[in-house]
Amino acid sequence: MKTKIYHYLLDVIEKKGAGYFVLIDPDQKNHSNIEEFVQAANESEVDALLVGGSLMMDAGNHDRVAKIKRNAKMPIIFFPGGVTQLNGYYDAMFFMSILSGRNPHYLIGEQAIAAPVVKDIGIETIPMGYLLLDGGTTTTVEFMSSTKPIPMDRPDITIAHALAAQYLGMKIVYLEAGSGAKIPVSLDTIKAVRNQIDIPVIVGGGIKTPQDAEERVKAGASFIVTGTVTEKSENLLVMKDFSKAIHRK
Ligand code: 1GP
């Protein structure tokens with residue numbers, strides 16, 4: 001099994017304290033400035049680009065991923081909304097299961113459909129337990145996956161699922177408030193999970209400012225993800241401010 005990108009991620013934590021991921025939804029809404037966007041990420045010490053989304057609104061996904069790959073200096077990690085988004089341009093993929101939910105299709109169904117294609121492509125897989133938390137709004141992932149998010153004020157439930165992810169052999173846990181969440185994952189939740197598990201913790205959804213990011217790193221996040229704020233910002237170099245706030249070593 002390939003583990004190059006996984007070890008690169010561990011190295012980022014070791015050297016920088018925490019890492020910064022920028023999410024690109026390779027959808028029509030990002031079509032016009034995708035090269036400029038990737039260029040700005042190159043100049044901003046972004047550690048990896050996560051590419052994917054719960055819903056694609058046109059058929060241009062694969063061409064855009066190819067374009068991202070041609071321009072990016074950092075690894076491109078597939079963050080799957082579904083098997084149809086899979087292609088050979090990625091450096092690795094999060095082989096993820098929505099463990100917070102009770103929808104068998106997103107616990108194991110989609111993964112079984114994907115597995116033979118993953119093997120054929122030969123892409124590195126990073127097993128990830130994905131926990132959706134309630135960020136104060138119905139997110140696309142909640143709707144599309146037909147799963148119920150964990151209430152944000154129930155760190156006990158989140159801990160139980162994060163521990164289960166670790167014991168199932170997942171290499172990383174994603175605490176997700178959902179893209180465009182009103183409220184990002186709380187500091188208390190991050191601290192509680194960090195105290196209980198040994199594997200790295202990714203935190204994303206609703207992070208709007210470098211200060212939000214910095215507080216979450218201090219609480220124990222190993223990686224911070226921004227999507228909406230970097231996608232919508234007039235000034236793409238806002239990524240530099242996030243990088244500075246996240247890379248604390
Ligand atoms: C979504 O966590 C990511 O999967 C990013 O969320 O778009 O709210 O930054 P935002």
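For ligands, and for the atoms within them, numbers begin at 1 and follow the listed sequence.
For G206, a nitrogen or oxygen atom sits less than 3.5 Å from a nitrogen or oxygen atom of ligand 1, counting backbone and side chain alike. At a 3.5 angstrom cut-off on N or O pairs, I207 does not count as close to ligand 1.
A heavy-atom distance below 4.5 Å is not found between the side chains of T125 and F94. Looking only at side-chain heavy atoms (C-beta outward), E215 and Q211 come within less than 4.5 Å of each other. No side-chain heavy atom of M128 sits less than 4.5 Å from a side-chain heavy atom of V173.
If you number the atoms of ligand 1 from 1 as listed, the ones under 4.0 Å from a heavy atom of G180 come out as 7 (O), 8 (O), 10 (P). Atoms of ligand 1 lying under 4.0 Å from any heavy atom of G227, numbered from 1 in the order shown and given with element: 5 (C), 7 (O), 9 (O), 10 (P). For ligand 1 and F79, the ligand atoms under 4.0 Å from any heavy atom of the residue are 4 (O). In the vicinity of E176, heavy-atom distances shorter than 4.0 Å reach the ligand 1 atoms 1 (C), 2 (O), 3 (C), 4 (O). Those atoms of ligand 1 that come under 4.0 Å of a heavy atom in T228, given as number and element, are 7 (O), 8 (O), 9 (O), 10 (P). Every atom of ligand 1 with a heavy atom of T226 under 4.0 Å away is listed here by number and element: 9 (O). Shown in contact with G204 at under 4.0 Å from a heavy atom are these atoms of ligand 1, numbered in order with element: 2 (O).
Proximity of Y174 to ligand 1, defined as any heavy-atom pair under 4.0 Å, is confined to the side chain (atoms from C-beta onward).
In this structure, F79 has its ring center closer than 6.0 angstrom to the ring center of Y174.
Ion pairing between a basic and an acidic side chain is recognised when a charged N comes within 4.0 Å of a carboxylate O; K148 and E142 show no such pairing. Between R64 and D25 no salt bridge is recorded (no basic side-chain N to carboxylate O distance below 4.0 Å).
Open room surrounds NZ on K119; 12 or fewer heavy atoms of other groups in view lie less than 6.0 Å from it.
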